[in-house]
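One structure below.
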Amino acid sequence: MIPRPFEYHAPTSLPDALLLMNRYGDEAKLLAGGHSLLPMMKLRFAAPGHLIDLGKIGELKGIEQVGNEVRIGAMTTENELIWSPLLAQKLPLLVEGAGLISDPQVRYRGTIGGDISHADPANDHPALMLALGAAFVLRSASGERVVAADGFFLGLYATQMQPGEVLTQIRIPVPPAGCGWCYAKLKRKTGDFATAATAVLLRMKAGAVEEARIALTNAGPTPLRARAAEKHLQGKALSDAAIAEAARLAMSICEPTEDQRGDVQYKTAMAGEMTQRALRTAASRAK
Ligand SMILES: Cc1cc2nc3c(=O)[nH]c(=O)nc-3n(C[C@H](O)[C@H](O)[C@H](O)COP(=O)(O)OP(=O)(O)OC[C@H]3O[C@@H](n4cnc5c(N)ncnc54)[C@H](O)[C@@H]3O)c2cc1C
C-alpha cells in the first residue's frame, strides 16, 4: 500500500519541532525510527498530512548518568543502547531487552522513545520500563512534566501523553549493586515480537527476596506489573514452590489476545513459563 501524500519536516531543534506540532495540530505526526509508524501509514491506519522527523534534533540523543539516574534521549536507537558501556554496567536488564528486539536492521533505526510512545503491548520497552521503575520526560509548548512509567500505559496504543507533547527523555534509577536481572522472551523466530516475555529485577538479602519487580510483555492491552507475584516473593527464599506460585499469580492477571502466535491459554501459560525462567536467571545473577 502507498501512504496518503504528506509534507515532510525536519526541524533541527526541539522548540522548532514544538512550533510545527502547534501549527499542524491533529494533522501532524512525529517520526522517529519509522518502524511502527510507516507500516501504519502504508496500511492507512495512520494518515498524517505532516510528518515531523525528530532525527536531526541532537538533544534527543545520548545516554548519561546524572546522580543516581541514567538519562536516555528518546531518539537513542536500540543498537546504541546495546553498545553503551554505561548501560552494560548500570542497567544490564535494558541491554538484554534491547538485544532481543527484532533483528539488527530494526535495531539500527528503531528508537527507545518510539517503542515507548507507540505503546504496542507487544513492544518490549514498556515492560522493561515498569520493571526498572523508569520515568518519562514529556515536553510541550507549555512546559515539561515527568511521568512515571507505572500508570503511563493506558491501553492499546494509548498513553498519558497529550496531543502536542514529545517524549524527550527516559530517566531510570540505577538499581542497587548486586541486583539480579533478566528479560526472558519467547519468540517464534528472529525478527518476531514476543509470544510472551517477562522482565525481572531482583534484590536479594541473606538468601531471601528483599524486592522483586516483575513486568509482562504482550499479556494484555498494556504491559502488566505482576504486583501479587512480587508481594508473594517478598521475604522468601526463591524455592521452586515460591517461583511456581509467583508464576501462577502472574498468569492470573494475563489477558492476551489470540493471534498467530497462539491462543489465550497457550500465551498465558508461556507468560508463566517466562516468569519462572526470568526469576531463576535473575536469582543466579544476584549477588
Ligand atoms: C519486523 C519488525 C519487528 C519488530 N519487532 C519488535 C520487537 O520484537 N520488540 C519491540 O519492542 N519492537 C519491535 N518492533 C518495533 C520497533 O521496535 C519500532 O522501532 C518501535 O515500535 C517504534 O520505534 P520507532 O523509533 O521506529 O518509532 P516510529 O515508528 O517512528 O514511531 C512510532 C510512534 O511513536 C510516536 N513517537 C515516536 N517518537 C516519539 C517521541 N519521542 N515522542 C512522542 N511520540 C513519538 C510516533 O509519532 C508514532 O506514532 C519491530 C518492528 C519491525 C518492523
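All ligand and atom numbering here is 1-based and tracks the order in the structure. The residues of the chain are indexed from 1 along the displayed sequence.
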Please tabulate, for the side chains in residues 29-49, all donor-acceptor contacts under 3.5 angstrom to protein atoms that are two or more places apart in sequence or on a different chain.
| unit_1 | atom_1 | unit_2 | atom_2 | d |
| --- | --- | --- | --- | --- |
| R44 | NE | I2 | O | 3.0 |
| R44 | NH2 | I2 | O | 2.8 |

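E96 has a carboxylate O that lies under 4.0 Å from a charged side-chain N of R285, or vice versa, which qualifies the two as a salt bridge.
A side-chain donor from one of R171 and Q169 sits under 3.5 Å from a side-chain acceptor of the other.
Among protein residues, K29, L30, L31, A32, G33, G34, H35, S36, L37, L54, A74, I101, S102, V106, G110, T111, G114, D115, S117, H118, N123, D124, M161, V166, L167, K185, G191, D192, F193 come within 4.0 Å of ligand 1, judged on heavy atoms.
Side-chain rings of F6 and H50 stay apart, their centers remaining 6.0 Å or farther from each other.
Under the 4.5 Å side-chain criterion, counting only non-hydrogen atoms from C-beta, S252 is not in contact with T268.
The salt bridge (charged side-chain N to carboxylate O under 4.0 Å, His left out) test with E230 singles out one residue from K236, R225, R213, and that residue is R225.
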